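Notes follow the structure.
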Amino acid sequence: MEKFDVVIIGAGHAGAEAAYAASKFGLEVALFTMDMDTAGRMPCSPSIGGLAKSHLVKEIDALGGIMAQVADETAIQYRVLNTKKGPAVRATRTQNDRRLYEEAVKSRLEGSNIHLRQARIDRIEVKGARVTGVTDHLGMFYPAGAVIVAAGTFLRGMIHIGDRKIPAGRAGEEGSYELAESLKALGLARGRLKTGTPPRLHRDTIDLSALQRQDPLEAGACMPFAFGSSGSGLPQLPCYLARTNVKTHEIIRRNIFSSALYSGAITGTPARYCPSLEDKVMRFGDRQGHQVIIEPEGLSTKEVYASGLGNSLPIELQWEIVRSVPGLEKAEIIRPAYAIEYEYVLPTELTRTLETKCTEGLYLAGQVNGTSGYEEAAAQGIVAAVNACLKIRGEKPFILDRSQAYIAVMIDDLVTRGTSEPYRMFTSRAEYRLMLRETNALFRLTDVAYGLGLVSRERASQVHEILREMNELDRHLEAKSIVIPSDMPHIKPARGSEGERITLKRLLKRPEVRMEDLADRGLIPAVHPLTAMEVEVGIKYEGYISRQLGDIRQLKELEKVKIPAALSYGSVPGLSNELKSRLEEIRPQTLGQAALLEGMTPAGLQAIRLVIRETGFLSKTGCPPAS
């Protein structure tokens with residue numbers, strides 16, 4: 001009988017990252033999946049990154065994950081979004097070769113110290129509220145010290161196409177119903193969510209000349225996802241833009257109750273921020289058209305992804321809808337669009353380590369926690385795996401705070417506030433987003449990753465070298481001065497002066513001056529691109545950064561105050577009954593987490609602090625006394 005330290009269920013983006021991270025801890029790690037050939041599958045858009053999601057990808061890379069590496073290796077288009085906005089919200093996005101991406105993920109899993117097993121896990125085994133292992137569909141029991149469930153959309157999955165209901169986890173793949181029943185038996189609160197995917201079309205049947213071409217960035221025009229990566233060596237392909245029209249919308253309105261979403265067949269909650277086409281037509285009836293993006297699925301296939309045409313209508317209506325779009329009049333559908341609803345566990349059932357509150361040693365990661373997206377899932381996979389391994393080794397848990405990473409923002413939001421719709425990462429969710437840029441993820445997380453053994457000494461040394469270079473460049477800018485306009489004719493001197501001597505650092509504060517201007521004139525030494533970028537941001541946004549650092553110091557103070565697990569909130573004076581009930585349900589671990597609860601006030605936090613102080617908890621832990 002095989003015995004493992006950690007068992008991961010599911011080899012999607014959450015499961016793959018979880019297995020890869022866990023394999024670095026010197027433990028016996030097993031990854032179970034119903035089909036080994038679907039590891040790292042991209043069942044929806046074949047792309048990585050985008051608004052806020054790119055921040056997660058960079059953080060995954062900083063923590064030694066594989067997503068950024070594979071995204072660069074298989075990229076067939078690079079784009080940078082929000083280029084006209086500030087550095088906190090700029091984002092990188094790649095279009096990827098779907099098949100090559102899957103192969104690259106599987107290759108990394110096979111090359112790591114992971115026991116790969118193709119089997120359907122039907123039951124989580126528990127004894128005395130503690131995980132003991134898992135049992136597969138053949139009745140084989142595998143003992144394990146920790147179990148990570150990363151089941152994606154497979155828990156009681158049901159595909160909808162018109163009035164047709166197809167039990168499945170994804171198109172052509174069986175769902176997981178026994179495992180869902182096992183999680184229910186453990187007492188975990190659950191709900192149902194809905195997502196979907198658009199049709200795939202045959203590229204040769206599309207009149208691309210009638211569509212607006214969207215070319216990829218030229219090589220070297222943006223920074224790759226992975227640190228040290230030189231980007232993709234693959235050919236770069238364009239996307240094409242089309243639009244629906246009045247005819248498209250009339251087809252949908254006339255047949256709206258044929259949609260599984262509007263007929264009542266779907267009970268799962270969809271995401272408001274990513275509505276299906278029929279939802280867009282019904283909710284935004286004043287619009288004459290909605291954007292459709294024709295995205296390549298890969299270099300060796302004629303299939304293209306019709307982003308924006310996702311729906312749950314019958315297949316015959318899907319053909320009408322597709323062919324109503326200019327440029328797609330003769331398009332052929334290779335794979336139809338569909339909606340899928342599935343079961344998820346309410347994330348308030350988890351602690352910040354992603355361990356379930358009811359069952360010790362059981363962790364959940366990815367869409368099973370109510371999130372949407374490859375990047376959100378992958379980030380959770382790393383956190384769950386690291387904490388599972390640390391627990392087995394009897395070490396302190398791995399918990400980031402909201403000032404350190406988007407990953408922490410996401411997890412805090414999930415376990416403290418919960419979600420009733422598929423959760424997606426947005427920059428607006430991060431209070432300290434100016435400090436959490438995609439370009440500084442390495443500097444925020446490398447020391448943490450190295451301390452956990454997730455990245456090598458060489459990698460950490462390279463990052464520290466860039467930090468040293470940043471300090472040197474900052475000192476150089478402070479010390480060196482020039483005279484304008486004589487040294488830089490295109491820059492005007494201060495009002496009323498014919499010539500102005502100014503340090504390079506002060507000059508860079510001007511919005512019209514860029515670091516590349518100084519480099520072009522040989523005024524700064526040659527440095528790593530990250531060095532120049534980060535030093536420039538630090539100078540231009542110095543005032544804003546200083547204010548955010550003050551806010552972060554306050555957060556750190558709140559995070560220092562641990563809340564005893566046995567604290568009865570009923571004994572805390574001044575709290576509303578609703579807030580007491582919420583606190584008892586969530587059981588926040590720190591005052592910082594308690595501050596996130598809806599309805600929490602400064603007075604409420606102070607009341608909790610006073611009760612903690614009266615119990616003597618602060619003095620026992622060495623934390624500062626409540627003021």
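Keep in mind that this is a model prediction, so the values were computed, not measured. Only heavy atoms go into these numbers, but all of them, side chains included; no hydrogens, no water, no symmetry mates.
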R459 backbone acceptor or donor facing Y450 side chain under 3.5 Å
no
Check for a donor-acceptor pair, side chain of R402 on one end and backbone N or O of A430 on the other, with a separation under 3.5 Å.
no
Would you please say whether a donor-acceptor pair under 3.5 Å links the side chains of E534 and T439?
yes
Between K560 and E557, does any NZ, NE, NH1 or NH2 come within less than 4.0 Å of an OD or OE carboxylate oxygen?
yes
Determine, stepwise, if the pair L596 / E431 fulfils side chain to side chain contact (heavy atoms under 4.5 Å, CB included).
CA-CA 11 Å; L596 299 174; E431 305 93 322; 4.1 Å; yes
State plainly whether the residues E73 and R108 are in salt-bridge range, i.e. N to O under 4.0 Å.
yes
If I take atom OG1 from residue T531 and atom CE from residue M515, how far apart are they, to the nearest 0.5 angstrom?
9.0 Å
Between the side chains of N96 and T94, does any donor sit under 3.5 Å from an acceptor?
yes
Side-chain heavy atoms of L454 within contact of F25, under 4.5 Å
yes
Any donor-acceptor pair under 3.5 Å from S232 side chain to L234 backbone
yes
Going from CD1 on I502 to CG on L507, what distance comes out if it is rounded to the nearest 0.5 angstrom?
5.0 Å
Side chain E376, main chain M425, donor-acceptor under 3.5 Å:
yes
Rounded to the nearest 0.5 Å, how far apart are CG of D413 and CZ of F426?
11.5 Å
Between E295 and R79, does any NZ, NE, NH1 or NH2 come within less than 4.0 Å of an OD or OE carboxylate oxygen?
no
Within a strict 4.5 Å, meaning less than it, do heavy atoms of the I407 and I411 side chains meet?
yes
Are the charged groups of K492 and E512 less than 4.0 angstrom apart, N to O?
no
If we only count heavy atoms from C-beta on, is the P588 to T416 side-chain gap below 4.5 Å?
no
Indicate yes or no: does E536 engage R514 in a salt bridge with an N to O separation below 4.0 Å.
yes
Please determine, by modelled atom types, if T427 and R433 share a side-chain donor-acceptor pair under 3.5 angstrom.
no
CG/L400 to CG/D412 distance, rounded to the nearest 0.5 angstrom?
9.5 Å
Between Q77 and D215, is there a donor-acceptor pair closer than 3.5 Å when you use the side chain of the first and the backbone of the second?
no
Can Y78 and D72 be said to form a side-chain hydrogen bond (donor to acceptor under 3.5 Å, both in side chains), step by step?
CA-CA 9 Å; Y78 278 94; D72 285 332; 2.6 Å; yes
Quickly, which of I8, T353, T351 forms a side chain to side chain contact (heavy atoms under 4.5 Å, CB included) with Y363? Name it, please.
T353
Mutual orientation of the aromatic rings belonging to H55 and Y406 [parallel < 30°, tilted 30-60°, perpendicular > 60°]:
tilted
Could you go through F225 and D61, starting from their C-alpha distance and side-chain angles, then the distance that decides it, and tell me whether this counts as side chain to side chain contact (heavy atoms under 4.5 Å, CB included)?
CA-CA 8 Å; F225 275 127; D61 182 55; over 6 Å; no
Expected output: side-chain N369 to main-chain L364 donor-acceptor under 3.5 Å:
yes
Separation between CD1 of I382 and CZ of F398, rounded to the nearest 0.5 Å
8.0 Å
With side chains defined as the heavy atoms from C-beta onward, is the minimum distance between T92 and M223 less than 4.5 Å?
no
Tell me, with the steps shown, if L477 and T503 meet side chain to side chain contact (heavy atoms under 4.5 Å, CB included).
CA-CA 7 Å; L477 295 170; T503 66; over 6 Å; no
I399 side chain reached by E559 side chain, heavy atoms, under 4.5 Å:
no
Side chain proximity check, D487 to R521, heavy atoms < 4.5 angstrom
no
Is the closest side-chain heavy-atom distance between Y240 and P296 below 4.5 Å?
no
Could you walk me through whether I545 and L434 pass side chain to side chain contact (heavy atoms under 4.5 Å, CB included), step by step?
CA-CA 7 Å; I545 289 173; L434 184 54; 3.8 Å; yes
Lys/Arg-Asp/Glu bridge criterion (N-O < 4.0 Å) met for E59, R444:
yes
Pairwise distance CZ(R99) to CD(E297) - rounded to 0.5 angstrom:
9.5 Å
Intermediate values then yes/no, salt bridge (charged side-chain N to carboxylate O under 4.0 Å, His left out), R468 and E465:
CA-CA 5 Å; R468 184 195 62 77; E465 177 58 26; 2.2 Å; yes
